[in-house]
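This report refers to the structure that appears directly beneath it.
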2 protein chains.
Amino acid sequence: MEKQTVTIYDVAREAAVSMATVSRVVNGNPNVKPATRKKVLAVIERLDYRPNAVARGLASKRSTTVGVIIPDVTNIYFASLARGIDDIAMMYKYNIILTNSDDAGEQEVNVLNTLMAKQVDGIIFMGNHIDDKLRAEFKRAKAPVVLAGTVDPLNETPSVNIDYAAAVEETVTNLIKRGHKQIALALGSLTQSINAEYRLTGYKRALSKAKIAYDDSLVYEAGYSYDAGVKLQPVIADSGATAVFVGDDEMAAGIINASMESGIDVPNDLEVITSNDTIITQITRPAITSITQPLYDIGAVAMRMLTKLMNDKELDEKTVTLPYGIVRRASTKSVD
Amino acid sequence: MEKQTVTIYDVAREAAVSMATVSRVVNGNPNVKPATRKKVLAVIERLDYRPNAVARGLASKRSTTVGVIIPDVTNIYFASLARGIDDIAMMYKYNIILTNSDDAGEQEVNVLNTLMAKQVDGIIFMGNHIDDKLRAEFKRAKAPVVLAGTVDPLNETPSVNIDYAAAVEETVTNLIKRGHKQIALALGSLTQSINAEYRLTGYKRALSKAKIAYDDSLVYEAGYSYDAGVKLQPVIADSGATAVFVGDDEMAAGIINASMESGIDVPNDLEVITSNDTIITQITRPAITSITQPLYDIGAVAMRMLTKLMNDKELDEKTVTLPYGIVRRASTKSVD
DNA sequence: ATCGTTAATGAAATCGCTTTCATGAAAATA
DNA sequence: TATTTTCATGAAAGCGATTTCATTAACGAT
């Protein structure tokens with residue numbers, strides 16, 4: 001026995017008004033006599049009528065749903081952005097269709113297409129790399145796209161980020177000031193622009209300002225995981241580096257734990273700085289000095305921008321750069 | 001200039017067939033002559049036609065979307081389940097509408113209702129407590145609901161879990177065997193059934209089997225966070241407990257770090273065991289002994305069950321209990 | 001009392017698809 | 001060859017809302 005669904009038509013009949021009037025009441029259209037509104041609301045209550053969002057979406061061409069593409073929900077960094085996105089979305093009565101892309105180009109294009117098929121009103125994209133294929137998809141999408149915590153070197157798509165290059169430059173410069181000459185850089189793949197075109201750039205800038213020769217044997221492409229950090233540690237140890245900047249907190253934790261366990265003291269033998277200031281940085285011992293990012297806000301601001309675009313409003317600025325900070329913890333030596 | 005959308009009607013016209021035939025081709029209905037199929041596919045390709053999932057949903061009464069209610073995406077435990085859910089969902093061509101509930105009853109009911117309004121075909125619910133209000137909502141929903149990593153003491157709703165009580169009983173029994181008499185229990189709120197009716201039960205069972213009197217001053221209701229653990233640590237220290245079972249990994253990390261920093265050695269002065277075997281347990285020093293749960297699988301199995309229910313199939317078992325394990329790490333002493 | 005406005009409502013088209021049913025053609029059976 | 005089945009297809013009726021347009025009622029203003 002299927003549960004019977006109550007439609008707007010049922011309400012109209014019971015209330016002895018037209019569907020149009022019921023629709024007006026439901027949508028808060030002011031053009032309804034108070035008495036009529038009251039009558040309709042009573043029927044809605046009595047029948048327990050709930051508007052069908054799908055039908056509404058078809059008729060109005062707005063689904064009040066936005067697509068969110070995330071590399072992996074279990075990654076705390078992106079999950080934090082997602083939380084910001086969802087909170088603001090909810091505030092504006094949107095829902096989130098969340099899909100994991102694993103940062104894989106093909107998969108990203110796929111989910112983008114299924115999201116478009118679902119008629120999402122907008123899309124928030126998170127990932128480590130934007131290529132031409134993706135840009136092309138963004139363009140043909142009729143829904144606006146905003147990048148969160150994700151850089152497009154060509155700046156074609158609205159985005160919210162921090163200044164990754166400047167942040168890395170500043171931290172590396174700090175290390176140099178404290179006497180380090182051999183500073184390793186542990187990143188994800190250099191095919192990803194956030195690494196190749198931002199973090200690496202900041203690193204090189206710091207070196208060049210200090211007149212230190214760039215040595216690419218100190219730059220490592222590892223994965224973004226704890227185990228990747230553990231595996232990378234002996235390599236860093238062999239390189240003679242006395243400090244390392246790491247692109248991911250879990251990887252940094254792996255490096256720190258593996259170092260300490262092999263007798264290399266952090267920070268005395270190796271100083272470690274990481275990028276995302278997730279809870280991980282507080283949990284390790286020593287705790288990890290990190291660039292701080294307003295993770296939640298990056299997501300929240302991106303979603304706010306998207307709501308504007310979805311309502312055909314102009315954006316104040318297409319590329320929003322939120323402030324970053326640096327928080328010193330025990331994985332680096334104090335300056336004094 | 002709005003982007004023009006191509007509809008099934010356009011395809012039908014161009015291919016000189018009826019909409020019905022195009023629909024059959026798109027949906028893989030075998031009742032189409034190969035020649036016709038080919039012709040239609042060519043037009044679809046040429047016009048770059050993408051079926052509108054909203055229209056399809058309205059006509060077919062299936063949205064191929066499932067709702068997922070999660071306390072907080074940034075919680076690694078639940079995020080891990082969510083990942084399992086999404087992967088299986090994708091495998092079955094479903095999308096996920098993800099909403100954070102903050103474990104708050106009112107909010108949970110709200111999102112449940114907006115999900116139903118969106119005509120989701122099914123719902124996966126994660127949370128720490130199921131109450132009557134929620135059960136009532138589940139019942140009136142016309143879409144099936146499955147609980148993931150979430151217990152319903154009344155067993156009214158299909159669910160996937162491990163045997164929390166047995167797991168706690170086993171770990172606490174181990175502690176007792178190693179000579180502990182004062183074992184603290186650090187949980188979330190005792191208003192939540194997973195704590196009050198499962199973990200606490202297991203704890204009491206272990207004590208009673210060992211003829212140790214239950215002392216409720218050793219049971220603590222804290223939050224599920226790192227800071228909650230840090231705050232709770234001095235209280236545990238004062239209690240004279242020599243071991244503690246913790247309900248959340250981040251909280252356990254907080255207890256461990258705070259202990260070590262106040263001169264209480266883990267595991268020599270205090271043994272610590274936690275519940276969820278997330279990456280956190282490997283990152284702390286000492287690493288944390290933990291109950292192991294197949295997190296991803298809990299989500300994946302829940303989603304598989306949901307697909308069955310959505311296709312009106314019978315469930316082999318309404319309540320699935322996945323096996324748990326215990327992994328010893330450095331926060332407990334070896335047994336020998 | 002009359003006319004121009006504005007407010008309140010309903011009729012009906014529309015959104016883009018699925019699906020039932022009818023129908024004619026082709027294939028299989030007698 | 002006649003008859004029954006099966007196949008392939010199209011016409012058209014929904015699905016449950018929104019929205020445009022027309023219409024009538026009420027309201028001021030003159």
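Chain letters run A, B, ... following the sequence lines, proteins first and then strands; every chain starts at 1.
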With a 4.0 Å limit, can you tell me whether [X] has a side-chain N or O closer than that to the phosphate oxygens OP1/OP2 of [N]?
X: Asn52(A); N: dC15(D); answer: no
X: Ser23(A); N: dT18(D); answer: yes
X: Tyr49(A); N: dA17(D); answer: yes

With DNA chain D as reference, determine whether Val6(A) or Val17(B) sits nearer its 5' end, using the nearest nucleotide of each.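 The 5'-side residue here is Val17(B).
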
Go nucleotide by nucleotide along DNA chain D from the 5' end; which of Ala59(B) and Lys33(B) gets its closest nucleotide reached first?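 Of the two residues, Lys33(B) wins.
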
Do Ser63(A) and Asn95(A) have side chains that approach each other closer than 4.5 Å (heavy atoms only, starting at C-beta)?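 With C-beta onward as the side chain, the pair stays apart.
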
Range on DNA chain C touched by chain A - first to last nucleotide, heavy-atom distance under 4.0 Å: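 From 5' to 3', the first and last contacting nucleotides are dA8(C) to dG16(C).
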
Would you say the ring centroid of Tyr77(B) lies under 6.0 angstrom from that of Tyr224(B)?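 No, they do not, as the ring centres are separated by 6.0 Å or more.
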
Kindly compute the distance separating OG1 (Thr157(B)) from CG (Asp152(B)), expressed to the nearest 0.5 Å.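 It comes to 5.0 Å.
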
Glu108(A)/Lys133(A) salt bridge by N-O under 4.0 Å criterion: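 No, no charged N to carboxylate O under 4.0 Å.
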
Looking only at heavy atoms, which two atoms of Thr150(A) and Asn161(A) are closest? And how far apart?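 Scanning both residues, the minimum pair turns out to be N-OD1, 2.7 Å.
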
Quiz question: by atom type and distance under 3.5 Å, do the side chains of Lys118(B) and Thr65(A) form a donor-acceptor pair?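 Per modelled atom types, Lys118(B) and Thr65(A) side chains form a pair under 3.5 Å.
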
